[in-house]
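The structure appears below as structure tokens.
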Amino acid sequence: MLRMSTLLLRTLRDDPADAEVASHKLLVRAGFIRRVAAGIYSWLPLGYRTYRKIEKIVREEMDKAGFQEVNFPALLPKEPYDATNRWTEYGPDIFRLKDRKQNDYLLGPTHEEMFTLMVKGEFSSYKDLPLSIYQIQTKYRDEPRPRSGIIRGREFVMKDSYSFDIDDAGLEASYQRHRAAYIKTFDRLGIKYNIVSAMSGAMGGSKSEEFLAPCPTGEDTYVLCKACGYAANVEAVVTNVKPYSGTSAPALEILNTPNTPTIDSLVEILNKNYGGGFTAADTLKNVLLMADGKPISVLVPGDREVDVKRLGANLSGVKDLRLFEDEDFAKHPNLVKGYVGPQDAKKFGIKLLADPRITKGSHWVTGANKKDTHARFVTCGRDFEVEQYVEAVEIKAGDACPTCDKPVVIDRAIEIGHIFQLGRKYAKALDLTVLDKNGAAQVVTMGSYGIGVSRAVAVIAEQSHDEIGLCWPAEVAPADVHIVATGKEDSIFEAAEKLANEIEAKGFEVLFDDRRDPSAGVKFKDAELIGIPKIIIVGKALANGKVELRDRKSGAKEEVDLNKVVSLLK
RNA sequence: CGGGGCGUAGCGUAGUGGCUAGCGCGCCUGCUUUGGGAGCAGGAGACCGUGGGUUCGAAUCCCUCCGCCCCGACCA
């Protein structure tokens, strides 16, 4: 039994000055967590109880799925990370340190290498596979900007699993087992979530899905179709384009369009000098970018923006992608800023890419590669050839859903889980092979699966609170029942104590507010702030043999017989 | 890394050159109170982030550094 009279807890009346989001404010005010440094938090007793319950549920579901728990140190030598080049590639996000002999160490930000090496050290036959192992462990990432309290910390607890299979079919099966286990886990945790495609399988990337908990303060945006349930990261949205069905255009015509470096100014002059009815959607925007130092041109409709992040995610092999800057234009005098057209791309030696919306046969108003000049009836497939189609435009609310064509919405969420098919990258780099039936060495294929365990505390708080405090789902609340004794008579406190013991004997966890000094109001406020699902008030009504039973979430109150209240608990 | 804001007691804050740094919450003592963050009286608690400078005098003005928060960039 937890007694408020001795519990290491001091609730706060005011929101902490450094907190912005609800979960952060409430977890601090309710005495669950305290900040130690940016993105680094301590757990107080109530918070740690909730944290441990979440951890327990995660562990139970992993074990049920047949995955084996292991544990790695957080303090790791540099060498394994050198083997995969991540000591360098991970950059400043790694916490690095040296031992007394000046050898390099790091605090593990993620453990692919260690898992791979562990399996390599023990197993060497296809008969040993499939294997899935996991750990629940503290990770360290020196985030450029920790934020939102416990949601994005520099030290956090993650459950990470890895699957090892001999072939792609095995990987797919392991992936599905993890997916199913995650669904059970998050359902038990009482988290609302969507499973979102994170990378397009069609583009040849590895399969990957994120579990996103919708939440207005979330830092991830994703696309959701309320009609059919389709959900995807903006990067992964695949545009469904119908073939061009309009009429074919007359021959390309050069237009005199002085002072029209922007789409708006172009549309204005088109409507003035070349018959009305033009909109930005009739024009073709030629966006120039530098891809690993080489200029490329990406075509999008004039009423659309290029989403560089999304474009980059869909251009496999490109590491560094950025928009053209003035000095790039200076180096490529053929490309006239504001008047670029695709017609001469081949001549200029520029790779021509296009959003799928630029369909074969469609014709556009676009630049004529000469200052103050545009061209119309510029037809795709006739006047220019697209070298490669790529998802490039910024996805907007109202865009057609890829699966059902209804308009989509853009929603915000917090990532609570991520599953993906890693493939053979780490196995290859660390030479993890097993012998197959024929005695030939085969590189193992891996999957990687993560759940933000400490983050889940904040996500549940974020999704489950109201104006007056937290409202924990039963499975993760720091206790099952919060008994509040009010009044000054010893008899009340004695009766409450007796009740607390009875309830505890039935297997419920009890938080007992046995404080004599604070007034009833203070105790009620604290109970509401802490958010234990069932609150029993022992006070005035005791004279009639009754206590009050409250449901924190619904606010429902009822007076019930003291000796019947135990049977009314779930 | 770019932009903005901030740093005064455990928490929230007032104090723009001049007496002993003020208030609320919380904490301690006593009395009264006890179903919605009680009242009265007394008390403890502050290197005003750090270092330097200007000044007769600095929490207050200037500079350095450190730390924190927000937006963006970046990132699972």
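Letters go in sequence order (proteins before strands), and every chain restarts at 1.
Using a 4.0 Å cut-off between a side-chain N of Lys or Arg and a carboxylate O of Asp or Glu, E528(A) and R552(A) do not qualify as a salt bridge. Salt bridge status for R188(A) with E61(A): present, with a side-chain N to carboxylate O gap under 4.0 Å. The pair R304(A)-D355(A) does not count as a salt bridge, with every side-chain nitrogen at least 4.0 angstrom from each carboxylate oxygen. Using a 4.0 Å cut-off between a side-chain N of Lys or Arg and a carboxylate O of Asp or Glu, R550(A) and E558(A) do not qualify as a salt bridge.
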Check residues 479-491 of chain A and write down every donor-acceptor pair under 3.5 Å in which the side-chain atom is one partner and the other belongs to a residue at least two apart or another chain.
unit_1, atom_1, unit_2, atom_2, d
D480(A), OD2, E509(A), N, 2.7
D490(A), OD1, R516(A), NH1, 2.8
D490(A), OD1, R516(A), NH2, 3.1

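For R147(A) and rA73(B), the CZ to P distance is 9 Å, given to the nearest whole Å. Computed from coordinates, the L8(A) CG to rG10(B) P distance equals 16 Å when rounded to whole Å. Taking atom CG on D93(A) and atom C1' on rA73(B), their separation rounds to 13 Å, with Å as the unit. Note: CD (E143(A)) to C1' (rC1(B)) measures 15 Å, nearest angstrom. In this structure, CZ of R145(A) is placed 16 Å from C1' of rG67(B), rounded to the nearest angstrom. Distance L323(A) CG to rG72(B) P: 18 Å, rounded to the nearest Å. Rounded to whole angstrom, the span from the CG atom of D15(A) across to the C1' atom of rG24(B) amounts to 15 Å. Look at CG on D142(A): it is 14 Å from C1' on rC1(B), rounded to the nearest Å.
Contacts of S5(A) classified as side-chain contact (heavy atoms from CB on, under 4.5 Å), with partners at least two apart in sequence or in another chain: R3(A), D514(A), R515(A). A74(A) is linked by a side-chain contact (heavy atoms from CB on, under 4.5 Å) to Q137(A), Y140(A), counting only residues two or more places apart in sequence or in another chain. Remark: F115(A) pairs with F72(A), Y162(A) by the ring-ring contact (aromatic ring centres under 6.0 Å, His included) rule, at least two apart or across chains.
Nucleotides rG57(B) and rG2(B) have their P atoms positioned 37 Å apart, rounded to a whole Å. Separation of the C1' atoms belonging to rU32(B) and rC68(B) is 43 Å when rounded to the nearest angstrom. Across the C1' atoms, rG17(B) and rC48(B) are found 15 Å apart, a figure rounded to whole Å. Straight-line distance between the P atoms of rG35(B) and rG10(B): roughly 34 Å, to the nearest whole Å. Distance noted for atom P between rU13(B) and rA9(B): 11 Å (whole Å). For the P atoms, the distance linking rC74(B) with rU55(B) amounts to 48 Å, nearest Å. Taking atom P on both rC1(B) and rA59(B), the two are 32 Å apart, rounded to the nearest angstrom. On the P atoms, rG4(B) is 24 Å away from rC75(B), given to the nearest whole Å.
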remark   = With B for base contact, S for sugar-phosphate-only contact and - for none (protein heavy atoms under 4.0 Å), nucleotides 32-40 of chain B reads --BBBBS--
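Within the nucleic acid shown, S448(A) has no heavy atom closer than 4.0 Å to any nucleic acid atom. Note on R35(A): only backbone sugar-phosphate atoms sit closer than 4.0 angstrom, heavy atoms only; bases stay farther off. Residue D220(A) is classed as a base contact, given a heavy-atom separation below 4.0 Å to a base.
Between F211(A) and F186(A), the angle of the ring planes lies from 30° to 60°, which puts this pair in the tilted group.
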message = Show me the dot-bracket string of RNA chain B, counting Watson-Crick or G-U pairs under 3.5 Å, with | for pairs to another strand and [ ] for crossing ones.
response = (((((((..((((....[...)))).((((((.....)))))).....(.(((..]....))).))))))))....
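L323(A) and L289(A) get closest at one heavy-atom pair: CD2-CD2, 3.9 Å.
Where H24(A) and R141(A) meet RNA chain B, the nucleotide closest to each residue was compared, and H24(A) sits on the side nearer the 5' end. Comparing G149(A) and M158(A) against RNA chain B, the residue whose closest nucleotide sits nearer the 5' end is G149(A).
Comparing rC68(B), rG26(B), rC70(B) by their nearest atom to the side chain of R10(A) picks out rG26(B).
Ring centroids of H24(A) and Y41(A) are separated by less than 6.0 Å, placing the two rings close together.
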